[in-house]
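A short worksheet on the structure shown next.
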Amino acid sequence: MDKNAITEKINSLKLKNNAIILAHNYQIDEVQDVADYVGDSFELSQIAADSKADLILFCGVHFMAESAAILAPQKTVLLPDLNAGCPLADMITADQLQELKKDYPGAAVAAYINSSAAVKAESDICVTSANAVKVVNALTEDTVLFVPDGNLAHFVAERTDKRIISWQGYCNTHHSVDVEDVVQARESYPGAQIVVHPECRPEVVAMADASMGTGGMIQYSRDAAAEDIVVGTEKGMLHRLKKECTSKRFHILSSKLICPDMKYTTLEKVLTALEQKKHVITVSPEVREKAEFALKRMLAVMV
Ligand code: 13P
């Protein structure tokens, strides 16, 4: 079946099932193009929470679909390929977090949305890269356990007076970027502005012109004085940026910036997921209720 025929089938199944398709900014181009909404982790969790659809097809990775299932328990949430995980999210378990909490009584726990439902359930609040500094600053506690991303924790620690205790997890994709990549980009694109994700190493963030979540990169690019923007996040973001900001030229900071998990989802798998109603993502009621509290607390800070 050709692309147009698949897209037509997807659209008619969407109508029939009162479904919406959410796609993260890192999805492949044709999956982004068939989605109803493309966005960052925060925007997509907000849309899932507010949606009137009966079925949410989540084109992203497991923790994203799980967050949608936590926030929209009355809806069916589908993930087209169960292999789409997040190694960063797997770097801390609920048991490990429970142990860490014992060492810091009275500290608040901020869980990056890139974490399992069980870890969120052990946390006081969730954060995304779009709001981590604001959410941490809104906490009343002076000490914050920040899990699981050590680079994002460092980014937050540099922008808050609170004491941040970090877990040393990392995103394989963003952590692979090094200082040499930034040096080379400055040489290859003189005059360009370099924007990187805060999951990058602190020394990379320090050398960039700006650091923010994927959603923020769109406005940043529109406002940038430079015509060339070098992007230090997963390659899929370039498709979104090129569509939203046609007056600029975009370049990837490093050819290593490809997340294999985000690439599992294809147009064919989106169609199969809708046809066969798979794979349904569920969360046990006890975990869901506690994880929902942490996610909703984040959403409330951002209203
Ligand atoms: P954003 O929330 O900035 O889209 O980031 C999601 C993510 O998984 C980064 O690796």
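The structure presented is a predicted model; accordingly, all values stated were derived computationally and were not measured. In each ligand, atom 1 is the first atom listed, and ligand 1 is the first ligand listed.
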Review point. Taking N or O atoms only and a 3.5 Å limit, does N25 qualify as a polar contact for ligand 1?
Key: no
Practice item. Answer yes or no for H24: is there a heavy-atom contact with ligand 1 below 4.0 Å? Key: yes
Check your understanding: Under 3.5 Å, is there a donor-acceptor pair linking the side chains of D81 and T265?
Key -> no
**Study point:** Passing candidate, salt bridge (Lys or Arg N to Asp or Glu O under 4.0 Å) with R186, options D228, D181, D209
**Key:** D209
Check your understanding: Should the pair H251 and Y189 be assigned to parallel (<30°), tilted (30 to 60°) or perpendicular (>60°) ring geometry?
Key -> parallel
Exercise for review: Of the side chain and backbone of H197, name the one, both, or neither that has a heavy atom under 4.0 Å from an atom of ligand 1.
Suggested key: side chain
Review point. Does ligand 1 have an atom that lies less than 4.0 angstrom from a heavy atom of N114?
Key: yes
Check your understanding: Pick from Q168, H175, E199: which one makes a side-chain hydrogen bond (donor to acceptor under 3.5 Å, both in side chains) with N151?
Key -> H175
Practice item. Check whether any side-chain heavy atom of L299 lies under 4.5 Å from a side-chain heavy atom of L71, and answer yes or no. Key: yes
Check your understanding: Should K263 and E234 count as an ion pair when the cut-off is N to O under 4.0 Å?
Key -> yes
Point to revise | Beyond-backbone contact of T93 with V119, side-chain heavy atoms, under 4.5 angstrom | key: no
Check your understanding: Do any N/O atoms on D40 end up under 3.5 angstrom from N/O atoms on ligand 1?
Key -> no
Practice item. Mark up the atoms of ligand 1 that fall under 4.0 Å of a heavy atom belonging to G213, in ascending order. Key: 3 (O)
**Study point:** Basic-acidic side-chain contact under 4.0 Å: E244, R240
**Key:** yes
Check your understanding: Which of the atoms of ligand 1 are close to E199, meaning less than 4.0 Å from one of its heavy atoms?
Key -> 7 (C), 9 (C), 10 (O)
Review point. Where does T233 meet ligand 1, judged by heavy-atom distances below 4.0 Å: at the side chain, the backbone, both, or neither?
Key: neither
Practice item. Name the closest protein heavy atom to atom 3 (O) of ligand 1, giving the residue it belongs to and the distance to 0.1 Å. Key: S129 OG, 2.7 Å
Revision key, fill the gap. For T214, the atoms of ligand 1 under 4.0 Å from one of its heavy atoms are 1 (P), 3 (O), 4 (O)
Exercise for review: Consider ligand 1: state whether an atom of it lies below 4.0 angstrom from any non-hydrogen atom of E234.
Suggested key: no
Revision key, fill the gap. re atom 6 (C) of ligand 1, the protein heavy-atom contact at minimum distance is S41 OG, 3.3 Å
